[in-house]
There are 2 protein chains.
Amino acid sequence: MLKTILDNKEEYQPGLSIDCVIFGFHDNQLKVLLIKTKYSDKWALPGGFVPVNEDIDEAAVTVLHGRTGLKGIFLRQFSTFGAARRCSVDVSNAVLDFYGIPLDEGKWYASRFVTVGYYALVDFLQTVPQPEGKNEIVEWIDHNSVPELILDHRQILDTALETLRMELNLMPVGYNLLPEKFTIPELQKLYETILGRKLDRRNFLRKIMAIGILTKLDEKKSNVAHKAPNLYSFDKEKYEEVVKNGLTQGW
Amino acid sequence: MLKTILDNKEEYQPGLSIDCVIFGFHDNQLKVLLIKTKYSDKWALPGGFVPVNEDIDEAAVTVLHGRTGLKGIFLRQFSTFGAARRCSVDVSNAVLDFYGIPLDEGKWYASRFVTVGYYALVDFLQTVPQPEGKNEIVEWIDHNSVPELILDHRQILDTALETLRMELNLMPVGYNLLPEKFTIPELQKLYETILGRKLDRRNFLRKIMAIGILTKLDEKKSNVAHKAPNLYSFDKEKYEEVVKNGLTQGW
DNA sequence: TCAAAAGTGTTTGGGATACACCCATGT
DNA sequence: ACATGGGTGTATCCCAAACACTTTTGA
């Protein structure tokens, strides 16, 4: 933890951190994985530091894996936040105080930090939130009910969502956010939730099928009220191809 | 310069730099402002370091102003480059050697750096390239004739252009790249150069006029071969409005 | 039998593309 | 006069948006 890092601070890039906005989808809601530590009454994005001989992308993978147990998922750098006053000495000192670390030992941590923002799309059900030790809680929170966050994390979160909305026009989304088998209405809800607006069912079906990444399964969802919707899965091969080549159309 | 920075290294964010891809437009060519230093046979992007109590955006403005003498121009962060091996010890040692700085004094400089990439769009004719001291040359280079660059600067440049192409769909471009009065064919050449493909004259005119940011002047370009083209200027007010609200269409 | 969600086709309008002719000017 | 680039209008096509009825199932 922090103590360990401070004891080995030469092995970490000074003044640089990673923050991850981890999106999941459940109950037709867009969720964000957030952390609540005992030394602050505000929530925070999961983050970490960058080992000096590790790519920042790798460091982001480490953060993600550390909090979700997931690997090989969609992860993308979207912006770097470096306002001079984005770090508050009060906050860092409170943390040092909580751990009983003297201020001079904690100088590395209390200095000005620039943070690189990444966002990830993960499968809610496969995610096992993993708190580091007993001093924190890791939880999925509905993106509409996100409480006050520390520092500029609210801005980081908003920028991530904005970027995701943009990139929805450039790539297909869903492979990492939905279970293997899903229905078209579920996929549509996902798009609607990300975009924050309603889409027409018929037009959505046509567009999403035109991309050619969906396979209609010979199976219907069971145990549902009303008419049972068909199940679909992604054609992984074609999906990857489209991710590589990009989409032409938009939403 | 470097010596001054090293003597005051506590005032700079360690391991963090700014690199600017400065685009200009002249002779129907997209130009990039590059630097050639005496201590390397390769060219480089203009860059700089980040004072600890300055926003990274401000630091980028400083770099830009330092090299071009320009202020208040279009500047945008596009990506952060943090591969572990993007910095070569050989390169930094060569620089230190050139300045006659002992290796131990130059430790700060020779450590691993992460760099934040910004790109700028500036008016070629208003730009006065400003070398720092006698050890460097600052020059506009046609983006098609960019020589080998140091480190990963080639990748940074390519990513910048890619981003610019993307953002052409989201915002109007030209206010900072063209002189006050310009012709439609000039503006079209600019778009063609950025996009790397030809556009239809008639369709271009219709689309660009539909945005509603151009004012047709009662004036024609003089001293030109063939039919004198009309001069236009940007309606600054509407231009800013569209920059704020974004475009809907694409190219 | 009724309410609620799923499945399916057609029409229409606007934007993108393709295309051709006339005009002005310097050589 | 002619070659070169500038200016303008129209037809077409395709994609996106709008829209209504039928089907299935649980309550």
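Just the heavy atoms: all of them, side chains too, but no hydrogens, waters or symmetry mates, feed the values below.
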Qualifying residue for salt bridge (charged side-chain N to carboxylate O under 4.0 Å, His left out) with Asp152(B), from Arg85(B), Arg86(B), Lys42(B) =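 Between Asp152(B) and the candidates, salt bridge (charged side-chain N to carboxylate O under 4.0 Å, His left out) is satisfied uniquely by Arg86(B).
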For the pair Lys236(B) and Glu240(B), find out whether any cationic side-chain nitrogen is under 4.0 Å from an anionic carboxylate oxygen.
-> yes
Specify the separation, in whole Å, of atom [atom1] of [X] and atom [atom2] of [N].
X	N	atom1	atom2	value
Lys221(A)	dT23(D)	NZ	P	25 Å
Asn169(A)	dC15(D)	CG	C1'	15 Å
Asp200(B)	dC19(C)	CG	P	9 Å
Asn230(A)	dT23(D)	CG	P	17 Å
Leu195(A)	dA17(D)	CG	C1'	16 Å
Lys189(A)	dA6(C)	NZ	C1'	11 Å
Arg202(B)	dT12(D)	CZ	C1'	14 Å
Asn223(B)	dG5(D)	CG	P	17 Å

Check whether the side chain of [X] and the base of [N] form a donor-acceptor pair under 3.5 Å.
X	N	answer
Arg206(B)	dT8(D)	no
Asn203(A)	dA18(D)	yes
Arg201(A)	dG7(C)	yes

Heavy-atom pair of closest approach, residues Ser40(A) and Ile150(A) |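 Where Ser40(A) meets Ile150(A) most closely, the heavy atoms are OG-CG2, 3.7 Å.
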If you pin Lys220(A) and Arg197(A) to their nearest nucleotides in DNA chain D, which one's is more 5'?
->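 The residue closer to the strand's 5' end, by nearest nucleotide, is Arg197(A).
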Residue met sooner reading DNA chain D from 5', once Tyr232(B) and His226(B) are mapped to nucleotides | His226(B)
Go through [options] for me and flag the one nearest to the [X] side chain.
X	options	value
Ala225(B)	dT8(C), dG26(C), dG26(D)	dG26(C)
Lys207(A)	dA16(D), dT8(C), dT10(D)	dA16(D)
Lys227(A)	dG6(D), dT24(D), dG9(C)	dT24(D)

For Tyr175(B), look at atom OH and say whether over 12 heavy atoms of other residues, nucleotides or ligands are found less than 6.0 Å away.
->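 Check fails, neighbour count at 12 or below.
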Lys216(B) side chain N/O closer than 4.0 Å to the phosphate oxygens (OP1, OP2) of dT8(D)?
->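 Lys216(B) to dT8(D) OP1/OP2: side-chain N or O found under 4.0 Å.
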Kindly assign one of parallel, tilted or perpendicular to the pair Phe234(B) and Phe182(B), based on the angle between their ring planes and the thresholds 30° and 60°.
->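 Tilted: the ring planes of Phe234(B) and Phe182(B) meet at 30° to 60°.
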